[in-house]
Amino acid sequence: MGETESDSFGYIKNLMKAFENINELEIENVTIQAEELSFLIQPIMTTVAEGLASSKLLDVKRLIDSKFTIPLEKFSGQISEVQIGSTKSEGGSRGRIVKIGGAKTMPFYSFEFENQNRPAFAMDIFDVPLKLAKMVRVHYEDVVEDPAEWAKRCVELGADVVSLNLISTDPLLNDTSPKEAAKVVEKVLQAVDSPIIIGGSGNKKKDPFVLEAAAEVAAGERIILNSANTDNDYKRIVKAAIKHNHSVIAFTPMDINNQKKLNRMLLNEGLTKDHLIIDPTTAALGYGLDYSISTMERIRLSGLLGDEDLQMPILSPASNAWGAREAWMKNDELGALEYRGPLWETITALTMALSGADLFMLSHPASVRVLKSLIDDIRGITAKGKDVDDWITCLG
Amino acid sequence: MSEKASLLSIYKLLPQTNCGECGEANCMAYASKLLERQKNPEDCKPMFKGTKYKKNLIKLIELISPPIREILIGIGETTVKIGGKEVLYRHQLTFHNPTVIAIDVSDTMNAEEIRSRCIFTEKFSIIKMGEELKLNMIAIRSASGDPERFASCAKLVSEICRLPLILCSLDSNVLKAALEIESVSVQRPLLYAANKDNWMELGELAKRYNCPIVASSHNNLDMLISIVSTLESMGIRDIVLDPGALLEGGQIKDTINNLVMLRRAGLNKVKSTRYPLLCIPAAVWAIENNDKALTSYRESIIASLLINKFADIIIMHTLDMWALLPVITLKYGIYTDPRKPVSVDAGLTQFGIVDEKSPVLLTTNFALTYYTVANDIEASKLNCFLITADTGGLAVEVGVAGGQLTAAGINEIMKSSDVTSKVKHKRIVIPGRAARLKGEIEDVTGWEVMIGPQDSSEIKTFLTKHWEEK
């Protein structure tokens with residue numbers, strides 16, 4: 001310990017001593033040197049204020065019995081419930097369906113409300129092979145050429161929903177026609193009995209036609225069309241969804257006002273609230289996830305407070321986490337890549353779940369497995385584990 | 001900021017002399033900085049002189065003190081500041097005082113292990129967007145239960161590193177032994193923890209050594225605030241709340257509920273709840289599990305969950321970089337100012353010394369994308385032009401997928417920034433993730449498009465290999 005520190009500590013100690021006898025203290029006799037004490041001044045000053053306000057201290061011999069009152073808040077709004085997939089009796093052919101939404105409070109505030117619907121997990125597949133992070137690719141290497149087999153693999157790995165992206169329709173890639181692309185949708189629907197999401201290539205001109213063709217071949221299956229946005233012909237997408245009883249994802253780039261505007265536009269086209277899911281953009285951990293947290297929390301709070309244009313379940317494509325270099329880049333200093341990648345995706349998704357997301361898109365099998373069990377833990381579904389009240393000693 | 005604080009209510013308490021000593025133009029400007037917590041009461045020097053403003057100063061401090069008490073642990077430049085919270089959601093203001101991360105050591109570890117854990121913790125440093133991300137404290141556990149052993153362990157730690165300490169034992173004799181060592185007590189360590197059985201002895205220690213203290217109760221909030229109000233009535237003010245390490249299986253539900261309820265009550269200014277929260281992800285190591293990697297993995301996820309749900313201090317055990325990196329990255333993100341714009345201005349930036357042959361690169365105006373690229377360019381000391389396209393604040397991949405990064409948009413910014421007059425060539429390097437725009441950009445701009453790397457860390461290698469040879 002250097003001499004300067006000792007000196008300054010002595011000074012602080014004296015100051016503290018002075019404050020102990022707070023009632024006698026004349027503040028004008030202490031010239032507080034703000035520069036020296038910038039760290040300490042605020043708590044000390046709070047102590048001054050508190051000390052002056054409080055009465056004489058008691059000689060405490062017994063524990064003072066106090067009760068904690070649970071601070072409840074009442075929200076007037078509720079998030080709508082969306083069913084993904086439909087069974088035979090409902091006009092589809094799915095063996096199982098998924099229900100999301102229904103929240104009445106912020107996520108997992110179960111002291112206020114227990115949501116019966118747990119967040120659901122979709123896994124991404126593509127109609128043509130594409131460049132995937134090595135840690136993801138190894139799990140699908142033998143099926144990337146065959147979307148039907150790839151879909152089956154995802155279901156085996158625990159996916160609640162399969163998210164098929166028809167990227168080959170991109171005019172700059174294979175320029176597959178909507179009709180041809182829709183055949184892959186049929187194949188996937190036959191290969192698995194899980195609900196599905198159909199995405200386009202991101203081409204704003206062509207996507208509405210691709211999604212329209214997909215909606216037609218999947219009539220009655222209550223799939224999700226991904227996505228309608230302000231730049232594409234959303235009217236065409238909504239029309240196809242209504243005609244064939246599907247739901248629509250409304251995508252906006254991290255902006256609550258645009259999201260509200262788009263939702264209103266889609267509802268005005270006749271889409272009902274139980275057929276609309278919103279995607280306000282999920283950025284990767286370390287690359288803007290904090291913006292996603294705040295956008296999502298604002299949207300969810302607005303919905304709960306009664307804004308009907310924002311009362312929809314939220315989609316989080318957390319597989320975006322693989323865009324972060326920490327997730328895929330080989331770098332010995334950053335430690336084992338085989339853990340780093342899935343952990344990056346898992347923590348991105350977990351953070352979004354805590355901010356309001358109801359449905360996820362993920363790439364890595366470990367992310368799905370870990371998140372499913374963690375969400376069960378958070379919802380209190382799993383058995384309570386062993387009490388750890390002796391962590392001080394039992395860690396060795 | 002407390003509900004009653006308003007610009008005018010703060011202004012009324014100030015000297016209103018517009019002396020400018022605080023660095024602001026006038027008292028009203030200073031009041032608005034106080035409201036935003038960008039300035040502190042001590043910046044108003046006249047208020048600290050003489051008796052004239054004494055009453056107003058006390059009122060001012062009361063008025064602007066955050067609902068959750070701000071507590072300092074340690075001394076000198078490694079001092080940590082916890083609490084000071086004012087909101088439940090970061091968009092409502094901003095989260096102050098990032099979660100403090102402590103790494104544990106125990107008195108049953110050998111000196112070499114203690115030394116290496118302390119040095120790892122103190123030296124830990126990651127630079128992200130120009131900011132240094134660090135680990136902040138050492139938690140010393142009394143695993144042996146032996147006062148002498150604990151004291152010598154604490155002494156060793158205080159000699160090895162200068163990080164603030166948490167002394168962990170439920171036995172007051174053990175804690176007292178460590179506090180009797182000057183180099184330990186001088187640092188004002190955080191005492192862990194006062195519970196329903198030992199509160200009196202630990203409370204006395206906290207008073208005697210003027211240390212902050214943790215109040216702990218295992219999943220019993222009635223008991224927790226009973227302990228807190230008792231400590232308060234003993235005259236202790238720096239208290240930290242520990243609702244118990246409930247981390248296994250369905251216990252996590254209780255953990256989240258407890259943290260949310262405590263923080264909400266504290267923000268509502270409910271007595272005995274207005275304190276920072278402490279959580280112990282390290283406790284996952286107490287559950288039998290032979291797979292170290294799996295346990296680190298679990299600890300990393302639990303720590304992330306706790307940072308998301310208001311933890312002000314967490315104690316961790318893992319030293320695996322891959323497990324710490326996402327936790328510390330998350331903490332950094334959550335505690336940035338949410339009012340910071342998501343996008344930077346579109347346009348042309350020069351790096352280093354440029355001439356008419358310098359390469360031209362492209363990126364988007366999403367702030368994090370731009371700064372990542374700019375940092376990589378600066379770090380590799382490249383001389384080049386960087387065109388920042390307006391994607392409405394979206395990253396490259398999302399921008400291409402969503403149609404915000406387009407050939408037309410790129411053409412527009414190239415024209416308006418007059419890059420054509422600055423270089424003699426007509427070649428542009430686009431991000432690897434925008435590869436599919438190559439044809440369109442070439443058609444619209446008439447420039448040759450080179451597809452750059454997937455990640456900007458590889459720009460230098462790419463340019464050396466592909467740009468120079470042309």
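Because the structure is a prediction, the values reported are computed rather than measured. Order of the sequence lines fixes the chain letters, A, B, ..., with proteins taken first and strands second; residue numbering starts at 1 for each chain.
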Engineer: Could you look at A:L289 and say if it's the side chain, the backbone, both or neither that has a heavy atom under 4.5 Å from chain B?
Structural biologist: side chain

Engineer: Is it the side chain or the backbone of A:D65 that comes within 4.5 Å of chain B heavy atoms, both, or neither?
Structural biologist: both

Engineer: Answer with side chain, backbone, both or neither: which region of A:R379 has an atom nearer than 4.5 Å to a non-hydrogen atom of chain B?
Structural biologist: backbone

Engineer: Is any side-chain heavy atom of A:R325 less than 4.5 Å from a side-chain heavy atom of B:S456?
Structural biologist: yes

Engineer: Pick from B:E440, B:K271, B:Q92, B:R433: which one has the most heavy-atom pairs with chain A under 4.5 Å?
Structural biologist: B:R433

Engineer: Which bit of A:P342 is near chain B, if near means a heavy-atom gap under 4.5 Å: side chain, backbone, both or neither?
Structural biologist: both

Engineer: Test A:L343 against every option in B:I301, B:V327, B:L325 by the side-chain contact (heavy atoms from CB on, under 4.5 Å) rule and name the one that passes.
Structural biologist: B:I301

Engineer: Examine distances only and state if a side-chain atom of B:N257 and a backbone atom of A:S110 form a donor-acceptor pair shorter than 3.5 Å.
Structural biologist: yes

Engineer: A:M329 versus B:D455: any side-chain heavy-atom pair under 4.5 Å?
Structural biologist: yes

Engineer: Below 4.5 Å, heavy atoms only, C-beta onward: do A:L334 and B:W322 meet side chain to side chain?
Structural biologist: no

Engineer: Under a 4.5 Å heavy-atom cut-off, does chain B meet the side chain of A:L301, its backbone, both or neither?
Structural biologist: side chain

Engineer: If you count heavy-atom pairs within less than 4.5 Å of chain B, which of A:G200, A:S201, A:G202 leads?
Structural biologist: A:G202

Engineer: Who among B:V284, B:T329, B:L394 has the most heavy-atom pairs with chain A under 4.5 Å?
Structural biologist: B:T329

Engineer: Select one option (side chain, backbone, both, neither) describing which atoms of B:A265 are under 4.5 Å from chain A's heavy atoms.
Structural biologist: both

Engineer: Under a 4.5 Å heavy-atom cut-off, does chain B meet the side chain of A:E338, its backbone, both or neither?
Structural biologist: neither

Engineer: Under a 4.5 Å heavy-atom cutoff, which of B:L246, B:T372, B:L437 has the most pairs with chain A?
Structural biologist: B:T372

Engineer: How far does CG of A:D290 sit from CZ of B:R90, to the nearest 0.5 angstrom?
Structural biologist: 5.0 Å

Engineer: So do B:N258 and A:F111 actually touch side chain to side chain, heavy atoms under 4.5 Å?
Structural biologist: no

Engineer: Does this structure show an ion pair linking A:E73 with B:R264, if we count only N-O contacts that are shorter than 4.0 Å?
Structural biologist: yes

Engineer: Before you tell me yes or no, could you show the steps for B:H317 and A:L395 under side chain to side chain contact (heavy atoms under 4.5 Å, CB included), namely the whole-Å CA-CA distance, both residues' side-chain angles and the distance that decides it to 0.1 Å?
Structural biologist: CA-CA 9 Å; B:H317 181 73; A:L395 264 61; 4.2 Å; yes

Engineer: B:A286, B:P326, B:G333: which one forms the most heavy-atom pairs within less than 4.5 Å of chain A?
Structural biologist: B:P326

Engineer: Heavy-atom cut-off 4.5 Å, strictly under: side chain, backbone, both or neither for A:K67 against chain B?
Structural biologist: both

Engineer: If you count heavy-atom pairs within less than 4.5 Å of chain A, which of B:T108, B:L170, B:L305, B:I126 leads?
Structural biologist: B:L305

Engineer: OH of B:Y297 to CD1 of A:I347: how many Å apart, nearest 0.5 Å?
Structural biologist: 8.0 Å

Engineer: If we only count heavy atoms from C-beta on, is the B:N308 to A:I293 side-chain gap below 4.5 Å?
Structural biologist: yes

Engineer: Quick one: does B:I252's side chain get under 4.5 Å of A:L374's, heavy atoms only?
Structural biologist: yes

Engineer: Testing B:L262, B:V228, B:N220 one by one against A:F68 for a side-chain contact (heavy atoms from CB on, under 4.5 Å), which residue passes?
Structural biologist: B:L262

Engineer: Could you tell me which of A:D390, A:L337, A:I378, A:N320 has the largest number of non-hydrogen atom pairs under 4.5 Å with chain B?
Structural biologist: A:I378

Engineer: Would you say B:W199 and A:V60 make side-chain contact, with heavy atoms under 4.5 Å?
Structural biologist: yes

Engineer: Quick check on the interface: out of B:M321, B:E248, B:Q251, B:K309, who has the most heavy-atom pairs with chain A under 4.5 Å?
Structural biologist: B:Q251

Engineer: Can you tell whether the side chains of B:K253 and A:D376 come within less than 4.0 Å, N to carboxylate O?
Structural biologist: no

Engineer: Please examine the side chains of B:V398 and A:F251, heavy atoms only from C-beta on, and report whether any two atoms are closer than 4.5 Å.
Structural biologist: yes

Engineer: Return yes if some donor-acceptor pair links the side-chain N/O of B:T230 with the main-chain N/O of A:I64 below 3.5 Å, else return no.
Structural biologist: yes

Engineer: Tell me, for A:A383 versus chain B, whether the close heavy atoms (under 4.5 Å) come from the side chain, the backbone, both or neither.
Structural biologist: backbone

Engineer: Any idea which heavy atoms bring B:N268 and A:P71 closest together, and the distance?
Structural biologist: ND2-CB, 4.1 Å

Engineer: Nearest 0.5 Å, what's the CG-CZ distance between A:D170 and B:R436?
Structural biologist: 4.0 Å

